[in-house]
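Below: the structure, in structure tokens.
Count residues from 1 along the sequence.
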Amino acid sequence: MTPSAALAAARQLLDRSDELARHTDVPGELTCTYLGPAHLAVARQLAHWMGQAGFDSVRIDALGNVAGRYRGRAAAGRQAPCLVTGSHYDTVRNGGKYDGRLGILAGIALVQALSEAGLRLRHDLEVVAFAEEEGVRFGSTFLGSSAYAGCFDTALLDRRDAQGTTLAQAIVQAGRDPQAIAQAAAPPGGIAHYFEIHIEQGPVLLDLDAPVGVVGAIAGSVRRRLRLAGQAGHAGTTPMRLRRDAACAAAEIALYVESRCGAQQGLVGTVGQLEVPGGSVNVIPGLCTLSLDVRAADDKLRDAALADIEAHVAQVCARRGVQCRAEELLRAPAAACDPAGQAAWAGAIAAQGLPVHTLVSGAGHDAMMMARVAPISMLFVRCGAGGISHHPQETVSQADVAAALATAWAFLHEVDGGPGAPAC
Ligand SMILES: [Zn+2]
């Protein structure tokens with residue numbers, strides 16, 4: 001891909017991101033939640049662009065995944081493993097234009113470039129726009145990619161949204177059939193390699209002054225909710241030494257999470273929710289709830305930190321006369337990226353004359369789900385505006401998107417059959 005072709009493709013990608021962002025559940029911001037009118041419109045638009053780009057077939061499955069297939073020269077008519085790329089098109093509430101969508105639009109741009117050049121790869125290439133990753137409407141993440149990976153949990157069909165609509169009902173209302181979810185699974189023949197292009201959603205590449213980076217692993221996360229019960233009391237009459245203040249216990253725990261996770265490379269810990277239910281200005285907090293989110297590229301490192309945090313919680317609670325009840329909400333294993341895929345990305349980046357950096361993804365991605373059925377790899381694209389994401393200020397530059405597309409073009413040819421390609 002020539003630099004000028006990459007720049008033109010990047011311009012089109014950014015324009016398309018703007019166009020998709022016009023579909024929103026809430027005027028004035030970008031909120032595109034699963035199977036709402038905005039979401040259905042985005043799916044139709046993506047399918048339309050895939051048709052225009054030269055894909056041989058486009059399908060929308062029961063979950064709402066939009067999958068376009070560009071036939072390879074060797075695999076036509078046979079059930080051979082294919083290359084797959086994709087990302088998600090749902091958003092968080094008041095989110096950014098590029099989270100997820102950049103990866104889908106990059107896949108469409110690659111096929112458009114292949115089609116315009118009259119090129120066919122050895123493998124079929126499938127570009128998948130996953131319908132749901134963020135978990136906003138039904139509180140369950142990766143609905144789209146889990147169905148595509150063939151590991152959709154059908155118990156989720158009974159999950160209800162805030163309005164009481166079940167997932168099964170929402171699928172029927174969208175004109176689709178929940179019974180057909182099994183058909184959303186990737187076609188027989190398997191997946192030779194899954195790759196995902198995604199904005200970094202953090203400041204690391206910005207700090208390194210690098211437009212793109214290779215992902216070494218996607219961090220595994222554990223989320224818990226802690227409920228601390230002390231003793232409410234009069235803020236004026238209860239002496240300090242006789243208090244059992246649940247919020248002060250929570251404060252000690254939050255500070256410990258910060259210091260324990262800050263002391264070790266590759267580990268992050270966050271108390272993102274902290275609440276005194278029914279609290280008053282003149283009442284000692286008898287109850288406090290807090291969330292805990294701990295992530296690392298290595299599950300052992302993460303679990304060691306969790307064990308230390310548990311021990312600290314027990315010690316703080318014993319000293320303060322506070323009872324703690326902990327509930328685990330999520331436990332996702334870390335997903336390592338395929339070494340051959342990482343090497344192919346590194347080679348493709350170096351071929352553009354760019355520095356090669358490898359980083360850990362602290363955020364979860366559809367690639368985690370795809371890691372269950374295929375070797376995976378990821379390319380991160382630098383975010384502007386301090387690396388902010390899940391926010392209206394989320395941004396990428398045309399030059400960085402062009403660098404990502406040129407890199408992906410080189411990568412694609414490498415994994416398709418260049419020297420050192422992953423075995424298919
Ligand atoms: Zn995303």
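Among pairs with a residue in residues 12-44, those fulfilling ring pair (Phe, Tyr, Trp, His ring centres under 6.0 Å) read Tyr34-His39, His39-Tyr89, at least two apart in sequence or across chains.
For the pair Glu328 (side chain) and Arg223 (backbone), a donor-acceptor distance under 3.5 Å is absent. Side chain of Asp90 to backbone of Glu134: a donor-acceptor contact under 3.5 angstrom is found. Using modelled atom types, one side-chain atom of Thr24 and one backbone atom of Glu29 make a donor-acceptor pair closer than 3.5 Å. Not a single donor-acceptor pair under 3.5 Å links the side chain of Arg227 to the backbone N or O of Arg325. At least one donor-acceptor pair under 3.5 Å links the side chain of Arg159 to the backbone N or O of Gly139.
The local environment of CD in Glu258 is sparse, with at most 12 non-hydrogen atoms from other residues, nucleotides or ligands closer than 6.0 Å.
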Under 3.5 Å, side-chain donor or acceptor atoms of residues 268-290 against the rest of the protein: list the pairs with distances, not counting sequence neighbours.
none

I'd like a table of donor-acceptor pairs (distance under 3.5 Å, sequence neighbours excluded) in which one partner is a side-chain atom from residues 41-55, with atom names and distances.
| residue | atom | partner | partner atom | Å |
| --- | --- | --- | --- | --- |
| His48 | NE2 | Gln52 | NE2 | 3.3 |

Please list, one pair per line, the donor and acceptor atoms closer than 3.5 Å that link side chains of residues 345-354 to other protein atoms, with sequence neighbours excluded.
| residue | atom | partner | partner atom | Å |
| --- | --- | --- | --- | --- |
| Trp345 | NE1 | Ser377 | OG | 2.9 |
| Gln352 | NE2 | Ala348 | O | 3.0 |

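Side-chain contact between Glu200 and Val212: absent, with no pair of heavy atoms (C-beta onward) separated by less than 4.5 Å. Side-chain contact between Val66 and Val128 is absent, with no heavy atoms from C-beta onward closer than 4.5 Å. Residues Thr154 and Phe152 have side chains in contact (heavy-atom distance under 4.5 Å, counting atoms from C-beta outward). Side-chain atoms of Val316 and Arg319, non-hydrogen and from C-beta on, do get closer than 4.5 Å to each other.
Residues meeting the side-chain hydrogen bond (donor to acceptor under 3.5 Å, both in side chains) test with Arg320, sequence neighbours left out: Glu252. Scored by the side-chain hydrogen bond (donor to acceptor under 3.5 Å, both in side chains) test, Glu327 finds Arg225 as partners (sequence neighbours excluded).
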*Would Arg137 and Asp25 satisfy salt bridge (charged side-chain N to carboxylate O under 4.0 Å, His left out), going step by step from the backbone distance to the final call?*
CA-CA 12 Å; Arg137 183 168 176 190; Asp25 302 343; over 6 Å; no

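A salt bridge links Arg11 and Asp15; the closest N-O separation between the charged side-chain nitrogens and carboxylate oxygens is under 4.0 Å. Lys97 has no carboxylate O lying under 4.0 Å from a charged side-chain N of Glu19, or vice versa, which leaves the two without a salt bridge.
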